[in-house]
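Working notes, structure below.
As the structure is a computational prediction, the values presented were derived from the model and not from experiment. In this chain, numbering begins with 1 at the start of the sequence shown.
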Amino acid sequence: ARFRLTPEADEADEERELRRAERAATEVLATEGYFSPRLRFEANPGHVPRYRLVIEPGQLTVVKSVDIAFQGTLAEPTYADRAEALRRGWTLAAGEPFRSPEWDAAKSRLLLAVTARDFAAATVVDSEASVDAETATAVLRVVIDSGPAYRIGALQIEGLRRYDTALVERFNPFTPGEPYDRSKMVQFQQSLQESPYFNNVVVTIGLDAATAADAPLKVQLTESQTKRFSAGVGFATDTGAHIEAVYRQAITFGRPYQLQTGFRVDRTGQFAYTDLIFP
């Protein structure tokens with residue numbers, strides 16, 4: 001369906017379209033690990049489509065070897081065990097089919113594993129897949145610069161207007177001087193986001209290499225509305241018609257104590273409640 005000729009197309013148009021189809025097929029086969037295919041067009045006179053593309057994909061390319069090298073602090077003897085564990089975790093090993101999507105995914109997974117702890121600013125500085133079409137093998141090479149090892153410093157909070165910094169600090173799972181850990185940072189962000197005090201929260205770490213030993217933990221947030229009121233009417237088969245109302249406020253007695261109070265009336269009776277929820 002991607003390659004069609006209009007009724008008024010001449011021989012030059014036809015030749016151009018056939019070559020375009022051949023190039024596209026060759027590129028797709030290469031992404032799947034077939035680098036020496038044979039392609040030919042067979043005419044189909046008087047029928048649609050006018051040509052059929054016949055493909056002999058050839059031998060599937062497999063990974064011959066993988067070389068993973070590290071630069072930066074991760075290359076130091078202190079982190080030798082971590083580096084070896086990262087190499088063992090590589091997901092496109094020797095003997096496996098070489099496919100472009102898997103090659104890209106393996107590099108992404110490796111980088112995510114490096115940046116999960118300590119090395120928040122790690123990057124892939126070089127990568128190469130050298131393919132030998134005659135032997136249908138691929139030699140892979142990846143170089144990652146870990147940068148420095150980061151340790152958590154003080155909180156830098158932006159967006160607070162009604163609340164004290166102590167409210168944010170009580171959710172912080174890090175202690176000063178602790179190694180960077182992405183899972184903990186995500187936990188910190190989710191805890192703040194799920195609290196009744198904030199609408200939007202983004203937590204990041206300062207990536208300036210000069211402050212890696214005491215990297216600031218940056219928190220950008222938007223505070224939620226402090227007061228909310230909701231009311232409704234409804235009907236349930238077991239209690240009949242009902243009315244209800246709820247009032248919530250996030251600051252009580254000048255402190256971040258959440259007050260919730262409400263009532264409900266239905267045919268079985270009525271009730272009211274008041275809750276005071278501490279951080």
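For the pair Asp164 (side chain) and Leu167 (backbone), a donor-acceptor distance under 3.5 Å is absent. Looking at Tyr197, its side chain does come within 3.5 Å of a backbone N or O of Pro256 through a donor-acceptor pair. Put simply, the side chain of Glu27 never gets that close to the backbone of Ala24: no donor and acceptor are under 3.5 Å apart. Looking only at distances, no side-chain donor or acceptor of Arg255 sits under 3.5 Å from a matching main-chain atom of Phe278. Formation of a donor-acceptor pair under 3.5 Å by the Gln220 side chain with backbone atoms of Glu158 is not found in this model. When atom types are taken as modelled, the side chain of Ser146 and the backbone of Thr73 share a donor-acceptor pair closer than 3.5 angstrom. Tyr150 places no side-chain N or O within 3.5 Å of a backbone atom of Pro179 that could act as its donor or acceptor partner. Although no hydrogens or angles enter the test, the distance criterion places no donor-acceptor pair under 3.5 Å between the side chain of Glu76 and the main chain of Thr78. The backbone N or O of Ala138 sits nowhere less than 3.5 Å from a side-chain atom of Thr61 that would complete a donor-acceptor pair. Ser191 places no side-chain N or O within 3.5 Å of a backbone atom of Phe171 that could act as its donor or acceptor partner.
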Stepwise, does the salt bridge (Lys or Arg N to Asp or Glu O under 4.0 Å) test hold for Glu32 with Arg99?
-> CA-CA 5 Å; Glu32 294 299 316; Arg99 298 179 62 249; 2.7 Å; yes
Check against side chain to side chain contact (heavy atoms under 4.5 Å, CB included), Asp275 and Leu259 = CA-CA 6 Å; Asp275 295 326; Leu259 175 69; over 6 Å; no
Between Ser224 and Asn199, is a side chain to side chain donor-acceptor pair (under 3.5 Å) present by the stated rule, with each step listed?
-> CA-CA 5 Å; Ser224 301; Asn199 271 336; 3.2 Å; yes
Going through the checks in order, is the side chain to side chain contact (heavy atoms under 4.5 Å, CB included) test met by Leu160 and Thr165?
-> CA-CA 8 Å; Leu160 282 182; Thr165 57; 3.9 Å; yes
Go through Val168 and Phe188 one step at a time and tell me if the side chain to side chain contact (heavy atoms under 4.5 Å, CB included) criterion holds.
-> CA-CA 9 Å; Val168 177; Phe188 184 22; 4.0 Å; yes
Would Arg182 and Thr115 satisfy side chain to side chain donor-acceptor pair (under 3.5 Å), going step by step from the backbone distance to the final call?
-> CA-CA 8 Å; Arg182 184 173 57 233; Thr115 57; 2.8 Å; yes
Derivation of the side chain to side chain contact (heavy atoms under 4.5 Å, CB included) call for Leu110 and Arg87 | CA-CA 8 Å; Leu110 176 61; Arg87 290 189 177 97; over 6 Å; no
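The shortest non-hydrogen separation linking Val66 to Ala94 is CG2-N, 4.5 Å. Shown here for Gly206 and Lys218, the closest heavy-atom pair between the two residues is CA-CE, 4.1 Å. Listed here is the closest heavy atom pair of Thr226 and Tyr163: CG2-OH, 4.2 Å. Heavy-atom minimum distance, Tyr51 versus Ala43: CD2-CA, 3.9 Å. Across all non-hydrogen atoms, the minimal contact from Gln189 to Val202 is OE1-CA, 3.5 Å. The nearest pair of heavy atoms linking Leu92 to Trp103 is CD2-CA, 3.8 Å.
To the nearest 0.5 Å, the span separating CD1 on Ile277 from CD on Gln258 amounts to 4.5 Å. Note that CG of Asn172 and CE of Met185 are 11.5 Å apart. Values are rounded to the nearest 0.5 Å. Atoms NZ and OG1, on Lys107 and Thr91 in that order, are 11.5 Å from each other to the nearest 0.5 Å. The distance from the CG atom of Asp104 to the CZ atom of Arg109 is 10.5 Å, given to the nearest 0.5 Å.
Residue-environment remark: CD (Glu11) stays at or below the threshold of 12 foreign heavy atoms within 6.0 Å. Atom CZ of Arg52 sits in a sparse spot, with 12 or fewer heavy atoms from other residues, nucleotides or ligands closer than 6.0 Å. Shown here is Asp81, whose CG atom has no more than 12 heavy atoms of other residues, nucleotides or ligands within 6.0 Å. Summarising the local packing, CD of Gln225 is surrounded by 12 or fewer heavy atoms from other residues, nucleotides or ligands at distances under 6.0 Å. Atom NZ of Lys184 has more than 12 heavy atoms from other residues, nucleotides or ligands within 6.0 Å. Environment of CZ in Arg264: crowded, with over 12 heavy atoms of neighbouring residues, nucleotides or ligands closer than 6.0 Å.
There is no side-chain donor-acceptor pair under 3.5 Å between Thr123 and Asp145. With 3.5 Å as the limit, one finds no donor-acceptor pair spanning the side chains of Thr31 and Ser100.
A salt bridge links Glu223 and Arg162; the closest N-O separation between the charged side-chain nitrogens and carboxylate oxygens is under 4.0 Å. Using a cutoff of 4.0 Å between basic side-chain nitrogens and carboxylate oxygens, Arg82 and Asp118 are scored as salt-bridged. Under a 4.0 Å N-O distance rule, the pair Asp214/Arg151 does not qualify as a salt bridge. Ion pairing between a basic and an acidic side chain is recognised when a charged N comes within 4.0 Å of a carboxylate O; Arg40 and Glu42 show such pairing. Under the 4.0 Å criterion applied to side-chain N and carboxylate O atoms, Glu15 and Arg19 are assigned as salt-bridge partners.
Annotation: side chain of Asp126 is in contact with side chain of Arg141 (closest heavy-atom distance under 4.5 Å). Contact of the Gln193 side chain with the Asn200 side chain is registered, since non-hydrogen atoms from C-beta on lie closer than 4.5 Å. Ser230 places a side-chain heavy atom less than 4.5 Å from the side chain of Arg248. Side-chain contact between Thr26 and Leu39: present, with at least one pair of heavy atoms (C-beta onward) separated by less than 4.5 Å. Between Leu192 and Val219, the closest side-chain pair of non-hydrogen atoms falls below 4.5 Å. Side chains of Glu96 and Val62 form no contact here, defined as non-hydrogen atoms less than 4.5 Å apart. Side chains of Arg170 and Pro279 form a contact here, defined as non-hydrogen atoms less than 4.5 Å apart. Inter-residue side-chain proximity for Thr211 and Pro216 is flagged as met; some heavy-atom pair is nearer than 4.5 Å.
Residues Phe198 and Leu155 share a hydrophobic cluster, clusters being chains of Ile/Leu/Val/Met/Phe/Trp/Tyr side chains in contact below 4.5 Å. Hydrophobic cluster membership differs between Ile205 and Phe119, with clusters built from Ile, Leu, Val, Met, Phe, Trp and Tyr side chains linked at under 4.5 angstrom. Placement of Leu86 and Trp90 within a single hydrophobic cluster is found when ILVMFWY residues are connected by side-chain heavy-atom separations under 4.5 Å, directly or transitively. Placement of Leu276 and Tyr273 in two distinct hydrophobic clusters is found when ILVMFWY residues are connected by side-chain heavy-atom separations under 4.5 Å, directly or transitively. Cluster membership check: Leu29 shares its hydrophobic cluster with Leu18, using side-chain heavy-atom separations under 4.5 Å among Ile, Leu, Val, Met, Phe, Trp and Tyr.
Ring centers of Phe70 and Tyr79: at least 6.0 Å apart, outside the cut-off.
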